[in-house]
Amino acid sequence: MMEELAARVGAWVRERDGELLAELAAWVAQPSVSRTGEGMREAAEHGAELVRRSGLTAEVVPTAGWPVLLGTAPGPPGAPHVLIYGHYDVQPAGPLHEWLSPPFSPDFRDGRIYGRGTGDNKGQHLAQLLGLRALRELGGLPCRVTVLLDGEEEIGSPNLAQVLTDRLAADPPDLVVWSDGPVHESGRAAVMLGVRGVAAFELRVRGATEVLHSGNWGGVAPNPAWRLVHVLASMRDRDGRILVDGVADRAEPLTAGERDALARVPVDVPEVLAGIGVTAMEPPHGPSFQERLTSPTFTINSLTCEDTPEHRTVIPNVAVARCDMRLVGGQRAEEVFAAIRAHLAKHAPDVEFVEGAAMQPSRTLPETRWTDAVMRGAEVGLGEPPVLLPALGGSLPIAPFTDVLGVPCYGVPFANVDERNHAPNENLELDWFRRGIIAAATVQLAIAEMAQ
């Protein structure tokens, strides 16, 4: 039955291909930059209309920031309730001179559509909406559906948890399906069970009131750059171990199911490393490539003395490190920040700590009830067995669903590995878009069949 549905939805897509691609282009052409506000109000109305066209009752839900778009549709009596999550806001365009075509003037070339938001996330959630539209036109939805399109994902989704509490806590879905990020780096389809969280912060060390001559003042004036280097060395050793007490105390170990899934993930480590121009992985030695993407990390994003680009023989008066820690199940961003503050109070009370953006980790175990259904639906719809990934290395605001609503979440990405999300020339392969529409439909049917 599922293979038959995939064939029917595939035919539906082919018959309407020009119309569907025009709909995608019009959505990408609408700016929706949450960081600056560019086009956000118009985008909310545009997105709500897309939800209506797919046969759902649409609502623009106000928040303390940009609105959330909700779409609802009933299913057969007793059918599972599936929430589909996506986001309609996008990153700023970035350096315009690096774009081969204007970021908000979508361009079709070489089997792809180029423009800001094509892969992240308009093309992917539109594929989900079109899958629902196809189901309705071909006989009806097999599940009860709620669609939630976030307007603040690119700025950390500060109001998402409140919306979930207000609108869904009393009637939560059975599971959440989201489509974001690229497929597996091998190019194969993937199903993702969780995401790492992130805690970003800045360390700032001050010295003299102004930049000083290194000859006249060298050995006399304190150098904040050296002070900062020593502070960072107190936080992580050369073998990669995080030395900040309490940061990883609550990190939950991988389950047997997660380790089994990791062991099945295809990866050619030398080839992957060669692709980024290196020959060895970051310390510590021992953990596999995939285990590293499911572990806590401490990253220095940038080091600066806020000086001019020229090399000058001076003692800087300020040194800044911008950093992040990626978090796994059990860790909480607020506890990580508290542990860093305690470490600095003990080892470097003169260092200024500036708390940045944060996102909690989310975890769904392979043993969870709906995993087999999502895997089966994705395989039939995408035409290949997906790789099961216990966690996405990056961060998405999925934790409010697992933490606030207490439901499992499944990522089924529909974007190519080289989508260049957040970068100039962001793009989406049209083949993934078309296959995504089919998979959106077959995943719904697989979930309904499992519940019978």
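One-based numbering along the sequence shown. Treat the numbers as computed from the prediction; the structure is a model and nothing was measured.
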Name each donor-acceptor pair under 3.5 Å that joins a side chain in residues 397-405 to protein atoms two or more places apart or in another chain, with its distance.
{"residue": "Thr402", "atom": "OG1", "partner": "Ser362", "partner atom": "OG", "Å": "3.1"}
{"residue": "Thr402", "atom": "OG1", "partner": "Ala399", "partner atom": "O", "Å": "3.2"}
{"residue": "Asp403", "atom": "OD2", "partner": "Arg332", "partner atom": "NH1", "Å": "2.9"}

Tabulate below the donor-acceptor pairs under 3.5 Å that side-chain atoms of residues 387-396 make, not counting sequence neighbours, or state none.
{"residue": "Ser395", "atom": "OG", "partner": "Arg196", "partner atom": "O", "Å": "2.7"}
{"residue": "Ser395", "atom": "OG", "partner": "Gly197", "partner atom": "O", "Å": "3.4"}
{"residue": "Ser395", "atom": "OG", "partner": "Arg326", "partner atom": "NH1", "Å": "2.7"}

For residues 264-272, run the donor-acceptor check on the side chains, cut-off 3.5 Å, and write out each pair with its distance to 0.1 Å, sequence neighbours left out.
{"residue": "Arg264", "atom": "NE", "partner": "Asp260", "partner atom": "OD2", "Å": "3.0"}
{"residue": "Arg264", "atom": "NH2", "partner": "Asp260", "partner atom": "OD2", "Å": "3.4"}
{"residue": "Asp268", "atom": "OD1", "partner": "Glu271", "partner atom": "N", "Å": "3.1"}

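Looking at residues two or more places apart in sequence or on another chain, you find a salt bridge (charged side-chain N to carboxylate O under 4.0 Å, His left out) between Glu306 and Arg204. With sequence neighbours excluded, no residue forms a salt bridge (charged side-chain N to carboxylate O under 4.0 Å, His left out) with Glu38. Checked against side chain to side chain donor-acceptor pair (under 3.5 Å), Glu291 has the following partners two or more places apart in sequence or in another chain: Arg259, Ser288. The salt bridge (charged side-chain N to carboxylate O under 4.0 Å, His left out) check on Arg112 picks up Asp418, Glu429, with sequence neighbours excluded. Scored by the ring-ring contact (aromatic ring centres under 6.0 Å, His included) test, His81 finds no partners at all (sequence neighbours excluded). In this structure, the salt bridge (charged side-chain N to carboxylate O under 4.0 Å, His left out) partners of Arg109, at least two apart in sequence or on a different chain, are Asp107. Asp174 pairs by the side chain to side chain donor-acceptor pair (under 3.5 Å) definition with nothing, not counting sequence neighbours.
Contact check for Val82 versus Thr146: no side-chain heavy atoms found under the 4.5 Å cut-off. Between Val374 and Leu175, the closest side-chain pair of non-hydrogen atoms falls below 4.5 Å.
Within the structure, no pair that satisfies the side chain to side chain donor-acceptor pair (under 3.5 Å) test touches residues 436-452, not counting sequence neighbours. Listed by first then second residue, pairs satisfying salt bridge (charged side-chain N to carboxylate O under 4.0 Å, His left out) with a partner in residues 75-88 number zero, not counting sequence neighbours.
Atom CZ of Arg41 is surrounded by 12 or fewer heavy atoms from other residues, nucleotides or ligands within 6.0 Å. Heavy atoms of other residues, nucleotides or ligands lying less than 6.0 angstrom from CZ of Arg241 number 12 at most.
Residues Arg35 and Glu154 are not paired through a salt bridge, judged by the lack of any N-O separation under 4.0 Å between the basic side chain and the carboxylate. The residues Glu282 and Arg292 are annotated as not salt-bridged, no charged nitrogen and carboxylate oxygen being separated by less than 4.0 angstrom. With respect to the salt-bridge test (charged N to carboxylate O, under 4.0 angstrom), the residues Glu59 and Arg52 do not qualify.
Note: Phe353 and Phe201 have tilted aromatic rings, judged against thresholds of 30 and 60 degrees for the angle between ring planes.
A donor-acceptor pair under 3.5 Å is absent between the side-chain atoms of Arg322 and the main chain of Glu202, judged by distance alone. In this structure, Ser105 contributes its side chain and Ser101 its backbone to no donor-acceptor pair below 3.5 Å.
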